[in-house]
Every structure is written in C-alpha cells, then in structure tokens.
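In what follows, a single structure is set out as structure tokens and then discussed.
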Amino acid sequence: MKIAVLKEAAGETRCAAIPETVKKFIALGAEVAVERGAGEHASVPDPDFETAGASLGGRADVLKGAGIILCVQGPEPDSLKGADKGALLVGSLDPVRRREAIDAYAAAGLEAMAMEWMPRITRAQSMDVLSSQSNLAGYKAVVEAAEVYGRAFPMMMTAAGTVSPAKVFVMGVGVAGLQAIATAKRLGAQVSATDVRSATKEQIQSLGAKPIFVENVAGIEGEGAGGYATEMSPEYQKAQAELVSGHIAKQDIVITTALIPGKPAPRLISDAQIATMRAGSVIVDMAADAGGNVEGTVAGENVQKHGVTIIGASNLARSLAADASALFARNLYNFLSAFWDKDKAAPVFPDDDEIAKGVRLTQSGKVVNERLTAG
Ligand code: NAD
C-alpha cells in the first residue's frame with residue numbers, strides 16, 4: 001500500500017504527516033511518498049521525512065499508484081489528476097462548503113473521507129481532528145489576546161504600585177474554551193466562563209474559574225447529541241443576553257467559542273454590549289469563520305469598535321503549525337491503523353461501522369454520506 005502525503009495549497013501551514021507517523025505507517029507494511037516541501041511550514045524539512053523512510057517527489061510522482069492520499073485540507077480536484085480510481089482521500093474536506101469538490105472527487109472515483117465528521121464516541125477520540133486543533137486554537141486565542149491587550153494579565157505588586165489582574169470571560173466551554181480557561185489561568189488572569197450545557201459548570205470550576213450561568217431558564221442538561229449544543233429558545237437567548245450585559249462591562253478580555261453544528265454561530269455579544277467595555281479591552285471571536293459570535297467581527301481581521309479590539313480569529317491552529325501538524329498527523333494514523341487489515345496490507349472499513357459511516361463521503365463514483373444526500 002502506497003500512502004501519498006500532499007503539500008498543502010498556499011495559506012495552509014500544516015502537514016498531514018510527520019516523521020513519526022511516516023515510520024508508523026511503514027511499520028504497518030505501507031510505503032510512504034511525501035510531496036516535496038510538504039512539511040516546509042510545519043518545521044519538518046524534506047530530509048527528515050527521508051530519514052523516517054519516506055520517498056520524496058512531485059505531485060504526480062507521489063500520487064502514482066497511491067492507495068491512500070493524506071491531506072490537511074481538501075485539495076482542488078484538478079490537482080489530483082493521475083490518482084488511482086478507488087484511492088482513499090483522507091483529510092479535513094469541509095464537505096458542506098466544498099460540495100462541488102466532493103462531487104468532483106466522486107466523479108474521479110476517489111473514496112473521500114472527511115475527518116471533521118468523525119463521530120464523537122470514545123473509540124474515536126484519538127482520531128478527532130476537531131478536538132486536537134481546537135485545543136491548540138483555544139491556547140492561541142489567549143496568547144493573541146494578551147499580545148493585543150495593552151495591560152498585563154497577572155496581578156503584580158511593585159514598588160511603583162499594583163497592576164490589577166486581567167478579567168477574562170470565556171463564552172462556550174467546549175474543547176477550545178476549556179483550553180482558553182486553562183491558559184488564561186496560567187497567565188494569572190481572573191477567569192469566568194459560560195455555556196448552555198450545564199455539564200460544563202463543573203469543568204469550569206475544576207479549572208479554578210467562575211461559572212456564569214443562566215439559572216432561571218433551562219439550558220441543556222447533560223450532553224446534547226454527540227456532546228454538541230443546539231439552538232436555544234428565544235426565552236433562553238433573552239436571559240443569556242441580560243446576564244452577559246451585566247457581566248461583560250466588567251471584563252477586559254472576552255474569548256467566544258460558541259458553535260452549533262450545521263447552523264451559523266449564535267450571536268452572543270451585541271455592539272451595544274461592546275460599547276460598555278473599558279477602552280483597550282480585547283474580544284477574540286473564535287467563531288468568526290462560522291459567522292461570528294460578536295457583532296462586527298470580520299474573519300481574519302482585527303477591527304476596532306468603541307475602543308475595543310475584536311479579533312476575528314480564523315483557524316488559529318495554523319499558527320502553531322508544528323504542533324497542529326503533529327496532532328493532526330497522529331489523528332490520521334490512529335484512524336487508518338484502527339482499520340488496518342494486516343493480510344490485505346490496507347485499511348478495511350466495514351459498511352456498518354459507525355466511524356466509517358460518519359466520515360465516508362464518496363464511494364464507487366457516488367456521494368454516499370447521508371448528511372450530503374439528505375439535501
Ligand atoms: P463546539 O465547538 O461545537 O462548541 C463550543 C462550545 O460552545 C460548546 O461547549 C457549546 O455547548 C457552546 N455553545 C453553543 N451555543 C452556545 C451559546 N448560545 N452560548 C454559550 N455557549 C454555547 O464544541 P466542542 O468543543 O466541539 O465540544 C463539545 C462537547 O463535545 C464537549 O463536551 C466535548 O468534551 C465533547 N467532545 C467529545 C468527543 C468524543 O467523545 N470523541 C470529542 C470531542 C469533543
């Protein structure tokens with residue numbers, strides 16, 4: 001089995017393999033071909049891949065005869081000409097926004113698998129690219145906020161007077177939010193956090209932060225489907241807006257991470273609320289790519305509103321390319337090796353397997369995933 005590792009398109013810094021995963025695939029009996037320069041922005045020079053046992057080549061060389069093609073983001077279908085029919089294409093393929101590309105993969109006979117549709121079950125935790133990348137992004141959001149914030153995070157008692165600790169409020173306590181809380185705490189901030197899932201209350205407390213929760217209207221008890229949130233009732237939204245208004249005026253840094261799968265990001269902070277914040281405050285909107293949690297957010301840009309900087313954070317994991325690649329590459333290895341059939345020297349995905357059904361987009365020339373075919 002030949003595994004091809006693609007060099008990503010411009011703008012993507014991560015790489016779908018690292019020398020460690022190359023060695024592990026070779027130990028499974030596979031051959032690995034890395035496109036020259038694939039690890040360039042992730043601190044993995046070509047010779048490191050060679051030392052690990054991979055061959056290097058241009059796009060056409062690595063695709064030739066490959067049964068598996070690994071990528072971080074879905075490549076342009078045209079750039080895969082020459083790939084074998086039936087080859088697996090595995091990466092973050094962004095199936096909803098890139099529907100035309102998925103159709104083109106099917107037409108080319110590729111078996112596309114979208115890692116971001118990994119089911120959230122215990123068995124799949126080590127394969128979950130959303131978690132691995134969100135964790136790094138949550139950390140980086142706090143670091144970016146600290147860089148823009150014109151004041152210090154920790155309390156400092158000096159001969160020239162006391163510097164008060166920064167007040168950080170994290171909205172949305174999933175994987176990214178938990179890491180943001182932990183990072184802000186380590187920097188010495190006073191941290192509070194909120195979510196609609198009541199299960200997160202204890203998690204917030206266990207990190208030493210203060211939970212801020214709507215108490216008079218029911219939120220989501222326990223975990224929603226697959227651990228995800230759903231859209232809240234208008235009554236809840238109103239109660240949440242009132243709660244946030246009172247709290248936000250006293251905050252220096254707000255990190256928003258709230259997402260609802262398949263829906264635009266919920267609007268959590270209005271322009272009027274931003275106006276109540278002290279000048280120099282910073283908001284990092286980690287949901288910017290999904291429409292934003294904050295009024296006025298522009299994805300990929302910093303905007304100023306009422307003296308407050310709103311950072312429209314876009315794919316923060318990319319700015320930690322070496323670590324993000326390592327985790328992403330291990331997610332891919334964990335996924336493929338879990339289905340590896342030693343005798344066939346290839347992964348075999350049973351049709352009724354929950355993981356295979358979740359991630360598989362195309363098969364035998366057709367789009368087969370229910371989330372795409374259901375309209
Ligand atoms: P996410 O990125 O979809 O959303 C981020 C957070 O925003 C979530 O905590 C969500 O509840 C919250 N949110 C949504 N609407 C909100 C609103 N209006 N106000 C405030 N907060 C709002 O979530 P995620 O980081 O992917 O994780 C969600 C859950 O899934 C977590 O409990 C996580 O532990 C769990 N999880 C399980 C697995 C697994 O078992 N394999 C893997 C990853 C995550």
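Start at 1 and go down the list; that is how both ligands and their atoms are numbered.
For L6 against E35, the heavy-atom pair with the smallest separation is CA-OE1, 3.7 Å. Q251 and S281 get closest at one heavy-atom pair: O-OG, 3.6 Å.
Of all the heavy atoms of Q240, the ones lying under 4.0 Å from any atom of ligand 1 belong exclusively to the side chain. With a 4.0 Å cut-off on non-hydrogen atoms, L268 touches ligand 1 through its side chain and not its backbone. The part of R197 lying near ligand 1 is the side chain, judged by heavy-atom distances below 4.0 Å. The part of I121 lying near ligand 1 is the backbone, judged by heavy-atom distances below 4.0 Å. The part of D128 lying near ligand 1 is the side chain, judged by heavy-atom distances below 4.0 Å.
For ligand 1, none of its N or O atoms has an N or O atom of A124 under 3.5 Å away. Inclusion of S131 in the set of residues having an N or O under 3.5 Å from an N or O of ligand 1 is not warranted.
The shortest side-chain heavy-atom distance between M157 and V163 does not fall under the 4.5 Å cut-off.
In this structure, L130 does not count as a contact residue of ligand 1, since none of its heavy atoms falls inside 4.0 Å of the ligand.
One option in A258, A265, A290 has a heavy atom closer to atom 22 (C) of ligand 1 than any other, and that option is A258. In the candidate list E231, Q125, R123, Q125 is nearest to atom 40 (O) of ligand 1, counting heavy atoms. Heavy-atom proximity to atom 38 (C) of ligand 1, evaluated over M127, M232, R120, Q203, is greatest for R120.
Of all atoms in ligand 1, listed by their number and element, those nearer than 4.0 Å to a heavy atom of P266 are 15 (N), 18 (N).
Using a cutoff of 4.0 Å between basic side-chain nitrogens and carboxylate oxygens, E76 and R59 are not scored as salt-bridged.
Distance check, rounded to the nearest 0.5 Å: CD1 of I68 to CG of D84 gives 12.0 Å. Interatomic distance, CG of L243 versus CZ of F213, reported as 10.0 Å (0.5 Å rounding).
T256 pairs in a side-chain contact (heavy atoms from CB on, under 4.5 Å) with only one of the listed residues (V294, V170, I310), which is V294. Screening R278, Q190, R151, K167 for a side chain to side chain donor-acceptor pair (under 3.5 Å) involving D252 leaves a single residue, R278.
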